[in-house]
Amino acid sequence: MTSTAPETQRGQDAGDPLGEQPTSWQRRLRRFGHVPRPETSLRDRLDPPWTRPGRQVWSVLAIPPHVADRLVRWSGWGGPLLVTLVAGLLRFWRLDQPNAVIFDETYYAKDAWALVNQGYEGSWPKDVDKLILKDPSSVPIPTDPGYVVHPPVGKWIIGFGEQLFGFTPFGWRFMVAVLGTISVLLLCRIGRRLFRSTFLGCLAGLLLAVDGLHFVMSRTALLDLIVMFFVLAAFGCLVVDRDRSRRRLADALPVDEEGVLRPDARIAETLRLGWRPWRLGAGVMLGLAFATKWNGLYVLAAFGLMTVLWDVGARRTAGAVRPYMAVLRRDLIPAFFSTVPVAIVTYIVSWTGWIVTDKGYYRNWAATEGKGSSWSWLPDWLRSLWHYENQVYDFHVGLTSGHTYESNPWSWLVLGRPVSYFYEEQAGCKESSTGKCAAEVLAIGTPLLWWLACFALAYVVWRWLFRRDWRAGAIACGVAAGWVPWFFYQERTIFLFYAVVFVPFLCLAVTMLLGAIVGPAAGTGARADLGLTSKDPTGERRRTLGAIAAGVLVLLIIWNFIYFWPLYTGTSIPEDLWRDRMWLDTWV
């Protein structure tokens, strides 16, 4: 069966060593490192194969082939679970310390306790934190409604931990630590699927496990780690959906008499990809992110555009002559309804506790101040909620009061101004020349990881623009969705810990860079480090040196995390050692 795709889409030009007809812009971009698509089969382009460890590894370890095969099969889950176990042990170790209400826990821990007990947040009296730490049972939940400026999902999650373990530091930090630990597992599996490599997937998860900002946020009852979890889960759902839809396209394409899959314009432009539950799951996850903090809205927009462009790329690869028109006809409306309306409904449902009560803040606005409005035909609860949201929006955009630890988003990647959640000095410290010890919880990323990520992001952008690597584009999209929106609010009071939302994507970027440093195995292709192959052999010496360099970088990152461990956990250390860890003046 012959294909109806144009000849240039099938890579039949004999004048190009890679089997493709380069366009004029491709010729100009080759000076910057652009490489035309390597000569790979159509099925591998739609559904790339998974990499497998070479036999040399198992022979060095004296592991028989049949045992090695079994280990490879189990490593897809075994490796990520092992990394997750390490991350969980780190995050739950002395989770109740410091035994204090640190930073904005003073808002979210109390709001969560009121929410799970009465359905709406209360107006807590000032200076009640010490009483809660001393005897939480003696502190009544206020029945007067409190004015809160964030949606309720994150507080419901924090409150669930409080229901399990009480109104204590361990209780209000428990569920955040659970989500922080699970997010490491998610990143291992997402990285594995992105790079088609269990090793690289586990490496990405390990980097997340030893990132200081993610670690501190996993041990603090704030909302941003929860947003990160739902954003990462949504991204994972979309990656799975991408794989399944492209596999469905591949299965529908014709096979010639030699058994080779061929592109077909008619199938590529008219095939309906059917029910896509993973995209629907992404809509729910993005709705939950939005229902935790509003910055989830920007991620919803960015991921929505990304998944539509993925569909365009899939149909173009399958042979579509007009892929954008095909996506407009077949995919755009289902993509919209499985994400945006689902996210909005999820957001509204998250307010159920406020809706079913009559004491929440602004709950009766429509029946009082808003009575007689031209929108009075709408339900009172909906109009009251809309008014509440307007007031909250005005609060957020008008929040310009100065704060000691505020920072500009331009400085985030270099960790210009971290946030001190907790600081305490102890006198009589004999180990210190000043006679003092210091205990601090500092919300700061692992410096070597973040500074390496600056170079990794440059590499990712280069790879996306000049190598047309969709994975680099996806990683860049994740970083941009969590970081770029804050540049529109530079007059607002914002903090470095907001960046935790895109930390997993920084880890993926560093993993991609380390994979490129290691390089492919001898006899495989120039892109085998990321799960793809070509016909460009690489010497074993170059790979050995690359593996050593990448290994040293990873070990330095792990050492850096251990070095800053006291600042992440509030461990008391001599003030001299504390000052040794203040690498930049702005960290004090």
Side-chain angles (χ1 to χ4, degrees), residues 51 79-80 83-84 86-87 90 180 183-218 228 231-232 235-236 239 412-415 444-465 467 469-483 496 499-520 527 529-531 545-564:
T51 58
V83 175
T84 304
V86 173
L90 293 174
S183 66
V184 173
L185 176 62
L186 287 178
L187 191 64
C188 287
R189 295 289 297 177
I190 290 170
R192 179 178 182 270
R193 187 173 285 271
L194 271 180
F195 303 129
R196 289 300 196 264
S197 166
T198 299
F199 172 76
L200 291 180
C202 291
L203 176 58
L206 177 63
L207 294 176
L208 186 63
V210 297
D211 174 63
L213 184 60
H214 185 274
F215 177 77
V216 171
M217 297 299 290
S218 297
M228 180 280 306
V231 168
L232 183 61
F235 182 77
V239 171
W412 287 358
L413 286 184
V414 294
L415 303 175
I444 183 174
T446 303
L448 294 185
L449 173 60
W450 281 63
W451 295 340
L452 180 60
C454 295
F455 297 96
L457 284 178
Y459 171 71
V460 161
V461 172
W462 171 82
R463 192 174 184 101
W464 176 41
L465 293 177
R467 292 294 179 90
D469 192 326
W470 72 271
R471 293 158 300 182
I475 294 169
C477 178
V479 174
W483 184 28
L496 171 65
V500 74
V501 174
F502 61 83
V503 165
F505 300 97
L506 293 183
C507 294
L508 288 172
V510 172
T511 300
M512 177 171 269
L513 176 63
L514 293 175
I517 291 174
V518 172
R527 299 204 293 173
D529 58 306
L530 300 174
L545 293 175
I548 292 173
V552 168
L553 288 172
V554 173
L555 289 176
L556 285 173
I557 290 170
I558 295 173
W559 164 82
N560 201 206
F561 174 76
I562 296 171
Y563 180 73
F564 279 88

Could you tell me whether Trp464 atom CH2 has more than 12 heavy atoms of other residues or ligands within 6.0 Å of it?
->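 No, CH2 of Trp464 has 12 or fewer neighbouring heavy atoms, counting only those of other groups under 6.0 Å.
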Donor-acceptor pairs are to be reported for all side-chain atoms of residues 444-458 against protein atoms at under 3.5 Å, with residues two or more places apart or in another chain.
unit_1 : atom_1 : unit_2 : atom_2 : d
Thr446 : OG1    : Val210 : O      : 2.6
Thr446 : OG1    : Gly212 : N      : 2.8
Trp450 : NE1    : Asp211 : OD1    : 2.6
Trp451 : NE1    : Val414 : O      : 3.2

Roughly how far, to the nearest 0.5 Å, is the [atom2] atom of [Y] from the [atom1] atom of [X]?
X: Leu206; Y: Thr84; atom1: CG; atom2: OG1; answer: 10.5 Å
X: Arg467; Y: Tyr459; atom1: CZ; atom2: OH; answer: 7.0 Å
X: Ile558; Y: Leu553; atom1: CD1; atom2: CG; answer: 11.5 Å
X: Phe561; Y: Phe215; atom1: CZ; atom2: CZ; answer: 4.5 Å
X: Leu185; Y: Ile190; atom1: CG; atom2: CD1; answer: 9.5 Å

With sequence neighbours excluded, what pairs up with Arg189 under the side chain to side chain donor-acceptor pair (under 3.5 Å) test?
-> none
Can you give me the closest heavy-atom contact between [X] and [Y], atom names plus distance?
X: Gly515; Y: Leu200; value: CA-CD2, 4.2 Å
X: Ile475; Y: Phe195; value: CD1-CZ, 4.2 Å
X: Cys202; Y: Cys188; value: CA-SG, 4.0 Å
X: Leu194; Y: Arg471; value: O-CD, 2.9 Å
X: Ala204; Y: Leu187; value: O-CD2, 3.4 Å

Measure the shortest side-chain to side-chain distance between Phe564 and Val216 over non-hydrogen atoms and say whether it is less than 4.5 angstrom.
->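 Heavy-atom side-chain distance check fails, nothing below 4.5 Å.
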Within-4.5 Å side-chain heavy-atom neighbours: Ile517 and Leu513 =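 Answer yes - side chains close enough.
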Stepwise side-chain contact (heavy atoms from CB on, under 4.5 Å) check, Phe199 with Val518 = CA-CA 12 Å; Phe199 172 76; Val518 172; 5.7 Å; no
Taking side-chain contact (heavy atoms from CB on, under 4.5 Å) as the test, write out the residues that go with [X], two or more places apart.
X: Ala480; value: Val484
X: Val501; value: Val227, Val231, Asn295
X: Trp483; value: Pro409, Trp412, Leu413, Val479, Phe487, Phe502
X: Ser183; value: Leu208, His214, Met228, Phe229, Leu232

Would you check, one step at a time, whether the test side-chain contact (heavy atoms from CB on, under 4.5 Å) holds for Leu506 with Val510?
-> CA-CA 6 Å; Leu506 293 183; Val510 172; 5.6 Å; no
Passing candidate, side-chain contact (heavy atoms from CB on, under 4.5 Å) with Leu207, options Ile557, Val184, Val503 =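 With Leu207 as partner, side-chain contact (heavy atoms from CB on, under 4.5 Å) holds for just one option, Ile557.
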